[in-house]
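Every value quoted in this text rests on a predicted model; they were computed, and no experiment measured them. We're numbering straight along the sequence, starting at 1. Just the heavy atoms: all of them, side chains too, but no hydrogens, waters or symmetry mates, feed the values below.
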Amino acid sequence: NQGAEILYGYRADEIVGRPVSVLAPPEQLDEQRELLAKIVRGESVVHFDSVRRSKDGRLIPVSLSVSPIRDADGNVIGAAKIARDITDRKRTEELLRDADRRKDNFLAVLGHELRNPLAGIVNGVQVLEFLDALPDDMIEVREIMKRQATQMTRLIDDLLDVSRIARGKVTLRKELVDVMALVGQIAGDLRLRLREKHIELAVDLPDEPMWVEGDPVRLAQVLGNLIDNAVKFTDSGGRIAIQVRPNADRTQAVLAVHDTGAGLTEESRATLFEPFSQAAETLSHSPLGLGLGLALVKGLVELHGGTVSADSDGPGTGSTFTVSLALSKAPPPLSATPAAPLAMGTVCRGLIIEDNEDVSRAFSRLLELAGHQVAVAHDGPSGVELARQFQPDIVFCDIGLGGSMDGYDVARALRAEDRTKSTYLVAVTGLGQDDDRRRAAAAGFDRHLTKPANHGELLAMMAEVSASRTPAVGGY
């Protein structure tokens, strides 16, 4: 017909009577034989994407729907086919994929570029926490800096996490988690912050543990984001209540976070869990943050096979966010053998390889205040040479080093040296995606920390590494 002539370029007298394989490029012949076999069996094919070849040799993306034609006795005697040119759709899909790739690259670079200066700020604040002789007004300034740096870290992490969830790139490290203990710990950490904001915190926990299978870090992130959301929209003098209970048939752990804050409108509830969506502005609350926290909650909860919902009686009546997760059987009791304590006071020899001098200066000062010996290099080649001389117990190396060697090259070089092949290597970087962690491990790093690293984790790691090694021989 005329549509086929326009699509394929053949006139009817040129193509009628020739094998249908004329329209298939060589690589599609097996696919075409499979389609014909289905028709012979009496099956239909609906909206199957393929490629066909026109008279002038062009390859045309098409969507095919093929149905068998039967005679009066029900025998298949032919096929009726509809072919649609989907060139524009395929072009649009490729443009969207390209835009998605560029967005992912942009977010990765953005995270790296934001985390580097943030690491310098956080390290500086952590140095100030070691100093006891600060006047009261400087302590207040330090705490302001700490709170704002923590908020910036959360915003960066949320931005990248939402993107990773959308692409299916988040890997859960599941274990049995006691929701009751997790909530109790996070609530304990929050009490001082809420007291400063004059918000009452009430926690209602069951008498027995409630075990779920999940990633404890990600579940803590879910609860933290729900509480952060409640704090944003609850005025001084308000109240936040956290409750954990099993559902009626004891198959689900139900965690509810209720606040007496701004409440929700019907319009805001419809898009509440979508990225970059925020509750409507009210007289007392302007939109806060990037609108990512609740989208991240939804994505993480669903990755755990659970559900999250929001409820409110309207503006000014507060909100309740409820998370449900499948309950698991309690784990077997742990061995009664106590774990050996960490030797937190042990001196460790640490080498920092970092091209950002502000970051390395604050980082090295932090480790020195904790009593450790520290050396610093600002590029890959000098870092490798310094490691040969200093023979550190542990190396903290940035990945995005300028010059001829990046952090991966440094790790491979140190692993190839007899004197440093067993040195504990830690990547401390603004690159925090799963692919970055895999690349770091393949290059020889023992650990991967995303900037800004927690100083408690760093110091505990140094103590653990030092306790597991004999003192280095030689001097520097």
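- Using a cut-off of 4.0 Å between Lys/Arg side-chain N and Asp/Glu carboxylate O, Glu417 and Arg412 are scored as not salt-bridged.
- Annotation: the span from Asn225 atom CG to Leu300 atom CG amounts to 8.0 Å, rounded to 0.5 Å.
- Between Thr322 and Leu255, the closest side-chain pair of non-hydrogen atoms is not below 4.5 Å.
- Considering only heavy atoms from C-beta on, Ile242 comes within 4.5 Å of Leu201 through its side chain.
- No donor-acceptor contact under 3.5 angstrom links the side chains of Gln391 and Thr420, judged on distance only.
- Ala427 approaches Phe445 most closely through the heavy-atom pair N-CD2, 3.3 Å.
- A heavy-atom distance below 4.5 Å is found between the side chains of Phe273 and Val308.
- Checking each of Leu176, Leu182, Leu219 against Val212 for a side chain to side chain contact (heavy atoms under 4.5 Å, CB included) leaves exactly one that passes, namely Leu219.
- Remark: side-chain polar atoms of Arg349 are paired, donor with acceptor, to backbone N or O of Phe390 under 3.5 angstrom.
- Each of Gln32, His47, Arg52 was checked for a side chain to side chain contact (heavy atoms under 4.5 Å, CB included) with Leu64, and the lone residue meeting it is Arg52.
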Checking Val183 against Gln243 for the side chain to side chain contact (heavy atoms under 4.5 Å, CB included) test, could you report, in this order, the C-alpha distance in whole Å, the side-chain angles of both residues, the deciding distance, and whether it holds? CA-CA 9 Å; Val183 171; Gln243 183 186 62; over 6 Å; no

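- Side-chain contact between Ser50 and Glu31 is present, with heavy atoms from C-beta onward closer than 4.5 Å.
- Environment of NZ in Lys174: crowded, with over 12 heavy atoms of neighbouring residues, nucleotides or ligands closer than 6.0 Å.
- A donor-acceptor pair is defined here as one N or O able to donate and one able to accept, closer than 3.5 Å; no such pair exists between the side chain of Arg218 and the backbone of His304.
- How far NZ of Lys329 is from CD of Glu213: 13.0 Å, rounded to the nearest 0.5 Å.
- The two atoms that bring Leu325 and Gly306 nearest to each other are CD2-CA, 4.0 Å, heavy atoms only.
- Between the Arg239 side chain and the Glu200 main chain, no donor and acceptor come within less than 3.5 Å of each other.
- Scanning both residues, Leu351 and Ala377, for their nearest heavy atoms gives CD1-N, 4.4 Å.
- The line from CD of Glu93 to CG of Asp98 is 13.5 Å long, rounded to the nearest 0.5 Å.
- Electrostatic pairing of Lys232 and Asp259 does not count as a salt bridge here, judged by no charged N lying under 4.0 Å from a carboxylate O.
- Of the possible polar contacts, none joining the His372 side chain to the Leu367 backbone as a donor-acceptor pair under 3.5 Å is found.
- No side-chain heavy atom of Ser312 sits under 4.5 Å from any side-chain heavy atom of Thr320.
- To the nearest 0.5 Å, the span separating CD1 on Ile60 from OG1 on Thr87 amounts to 6.5 Å.
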Would you sort out whether Asp393 and Thr423 count as a side chain to side chain contact (heavy atoms under 4.5 Å, CB included), showing the intermediate values? CA-CA 6 Å; Asp393 299 305; Thr423 302; over 6 Å; no

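- Using a 4.0 Å cut-off between a side-chain N of Lys or Arg and a carboxylate O of Asp or Glu, Lys298 and Glu302 qualify as a salt bridge.
- Between the side chain of Thr234 and the backbone N or O of Val231 there is no donor-acceptor pair closer than 3.5 Å.
- Note on Lys90 versus Glu94: no salt bridge recorded, every NZ/NE/NH1/NH2 to OD/OE distance being 4.0 Å or above.
- Within the 4.5 Å cutoff, the side chain of Ile353 has heavy atoms near those of the Val395 side chain.
- At least one donor-acceptor pair closer than 3.5 Å links the side chain of Asn247 to the backbone N or O of Gln252.
- With respect to Arg439 and Asp436, no salt bridge is recorded, no charged nitrogen being found less than 4.0 Å from a carboxylate O.
- Although no hydrogens or angles enter the test, the distance criterion places a donor-acceptor pair under 3.5 Å between the side chain of His378 and the main chain of Glu354.
- Under the 3.5 Å distance criterion, the side-chain polar atoms of Arg447 are left unmatched by any main-chain donor or acceptor of Val426.
- Atom CD of Glu208 has 12 or fewer neighbouring heavy atoms from other residues, nucleotides or ligands inside a 6.0 Å radius.
- The two residues Arg250 and Leu327 make their nearest non-hydrogen contact at O-CD1, 3.5 Å.
- Looking at Asp406, its side chain never comes within 3.5 Å of a backbone N or O of Leu401 through a donor-acceptor pair.
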Apply side chain to side chain contact (heavy atoms under 4.5 Å, CB included) to residues Ile240 and Val257 and explain how you reach the verdict. CA-CA 7 Å; Ile240 295 174; Val257 178; 4.3 Å; yes

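- Remark: the backbone N or O of Arg173 is paired with a side-chain donor or acceptor of Asp215 at under 3.5 angstrom.
- Listed here is the closest heavy atom pair of Ser404 and Asp409: O-OD2, 4.0 Å.
- Between Arg388 and Glu385, at least one side-chain nitrogen of the basic residue sits less than 4.0 Å from a carboxylate oxygen of the acidic one, meeting the salt-bridge criterion.
- Nearest heavy-atom pair across Ser364 and Val376 is CB-CG2, 3.8 Å.
- Taking 4.5 Å as the limit, some side-chain heavy atom of Pro331 sits within range of a side-chain heavy atom of Trp211.
- Atom OH of Tyr424 and atom CE of Met462 lie 12.0 Å apart (nearest 0.5 Å).
- Between the CD1 atom of Ile352 and the SG atom of Cys397 there is a distance of 11.0 Å, given to the nearest 0.5 Å.
- Side-chain atoms of Met405 and Asp379, non-hydrogen and from C-beta on, never get closer than 4.5 Å to each other.
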Apply the test side chain to side chain contact (heavy atoms under 4.5 Å, CB included) to residues His448 and Val428: give CA-CA distance (whole Å), side-chain angles for both, the deciding distance (0.1 Å), then the verdict. CA-CA 6 Å; His448 181 286; Val428 185; over 6 Å; no

